[in-house]
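So you know, we letter chains A, B, ... as the sequences are listed, proteins then strands, and number each from 1. Everything numeric in this text was worked out from a predicted model, so none of it was measured.
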Amino acid sequence: SQKIEQNSEALNIQEGKTATLTCNYTNYSPAYLQWYRQDPGRGPVFLLLIRENEKEKRKERLKVTFDTTLKQSLFHITASQPADSATYLCALGDHGGATNKLIFGTGTLLAVQP
Amino acid sequence: DTEVTQTPKHLVMGMTNKKSLKCEQHMGHRAMYWYKQKAKKPPELMFVYSYEKLSINESVPSRFSPECPNSSLLNLHLHALQPEDSALYLCASSLQAGQGNSPLHFGNGTRLTVT
C-alpha cells in the first residue's frame, strides 16, 4: 500500500541553524509534491510545490528538493527562527484529474529554540 | 485569517443531534474538499467536489452528508454521529480539481466534539 513517512515525530533545533525535514514515500509515483505548514488548531498553509521533473525549488528561506529515484523530498529552512516552530506536512499528488487525490504524510513537529 | 471561512469554529453535539458545518470561499476556485483530522495525525480526505459535483467519496459513512449549493459554498450535514467522529473538520478549495498540481487553501476548521 502507499505510504508517506516524515522524519521523526519532533525535530528540535537552535535558532539560526538550518532545519532539514524528510519526506519518504513507497509504492507511489507522484507527479507533484507539496509542503504545508500547520499551526496548532489551524488549517494547513501551502508553502511550496515541486514537480517530478524539478530537482529543487526555493522561496525566501525555504528550499525543497525532490529525488524520484530515492523516492524522497527534503525540506530546508535556513536561518531558522522560533516563529518557524510548527508541524510541517508533505503531500503527494498525481498528474491531475477529478479523481486524483492529494495524500498527506505523517508530519514533523519542528521546534526552534531561541 | 484565511480566505476559506468555516463556521462554526467549535461544535458540541449529542449522538442524536443533526447539525451542519459550513464553508465558504470567494476565490473563484472550482474544487472544494472536506478533510477530517484527528489529533497528531495528518488530514484525511473525505469528499471532493469539482464544479459543484461530487467527484470523490472516500467511503465515508452515510452519517456524513456533503452538499455543494453553489461554487462558493460547501456544507457537511451531520446526523447520528459517534464519539469517535470527534475531530477537526477542515474545508479546503483549489483552483482546479486535479489536486496534485493545485495548492489547497484550507480554512481553520471546525472542532467537533460528539458526546
Side-chain angles (χ1 to χ4, degrees), chain A residues 2-6 8-10 21 23 25 28-54 57 59 62 64 66 68 73 86-110, chain B residues 1-6 9-10 21 23 25 27 29-59 68 87-112:
Chain A
Q2 295 172 339
K3 193 182 284 187
I4 306 169
E5 292 181 322
Q6 296 187 236
S8 69
E9 287 192 5
L21 285 65
C23 177
Y25 57 92
Y28 203 79
S29 296
Y32 303 90
L33 194 147
Q34 302 182 25
W35 282 89
Y36 290 79
R37 168 189 173 135
Q38 187 172 24
D39 291 284
R42 303 182 76 85
V45 175
F46 170 74
L47 296 174
L48 280 169
L49 180 152
I50 187 165
R51 295 173 172 75
E52 62 180 339
N53 60 352
E54 296 176 318
K57 205 79 168 284
K59 179 183 175 184
L62 308 180
V64 172
F66 192 9
T68 55
S73 174
T87 295
Y88 290 85
L89 298 156
C90 67
L92 276 60
D94 285 323
H95 286 274
T99 57
N100 286 305
K101 295 178 269 193
L102 194 67
I103 303 174
F104 282 88
T106 50
T108 297
L109 177 61
L110 174 66
Chain B
D1 289 342
T2 70
E3 294 170 291
V4 175
T5 304
Q6 290 189 245
K9 287 184 169 46
H10 301 274
L21 308 185
C23 175
Q25 60 88 13
M27 294 178 282
H29 289 176
R30 304 318 302 263
M32 296 186 77
Y33 313 80
W34 281 114
Y35 281 83
K36 173 183 177 179
Q37 187 175 28
K38 302 282 267 186
K40 298 188 186 300
K41 297 289 186 184
E44 293 179 13
L45 183 64
M46 299 175 72
F47 303 104
V48 180
Y49 273 84
S50 175
Y51 291 90
E52 300 160 47
K53 291 191 184 340
L54 184 65
S55 61
I56 295 178
N57 176 341
E58 286 291 276
S59 303
C68 190
L88 181 68
Y89 287 84
L90 293 162
C91 173
S93 69
S94 67
L95 189 61
Q96 303 166 357
Q99 297 190 56
N101 63 347
S102 194
L104 299 186
H105 296 252
F106 283 89
N108 282 327
T110 293
R111 174 72 60 190
L112 175 68

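Environment of NZ in B:Lys38: crowded, with over 12 heavy atoms of neighbouring residues, nucleotides or ligands closer than 6.0 Å.
Across B:Pro43 and A:Leu89, no two heavy atoms sit closer than the pair CD-CD1, 4.1 Å. The shortest non-hydrogen separation linking A:Gly105 to B:Pro42 is O-CB, 3.0 Å. In this structure, B:Leu90 and A:Pro44 approach most closely via the heavy-atom pair CD1-CD, 3.9 Å. When all heavy atoms of B:Leu104 and A:Gln34 are compared, the closest pair comes out as N-OE1, 4.2 Å.
When side chains are defined from C-beta on, B:Leu45 does not count as touching A:Leu102, because their heavy atoms never get closer than 4.5 Å. Within the 4.5 Å cutoff, the side chain of B:Ser102 has no heavy atoms near those of the A:Leu49 side chain.
Most heavy-atom pairs under 4.5 Å with chain A, from the set B:Arg111, B:Lys53, B:Gln37: that is B:Gln37.
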Worked check of side-chain contact (heavy atoms from CB on, under 4.5 Å) between B:Phe106 and A:Phe46: CA-CA 9 Å; B:Phe106 283 89; A:Phe46 170 74; over 6 Å; no
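Rounding to the nearest 0.5 Å places OG1 of A:Thr87 at 8.0 Å from NZ of B:Lys40.
With a 4.5 angstrom heavy-atom cutoff, B:Gln6 does not touch chain A via any of its atoms.
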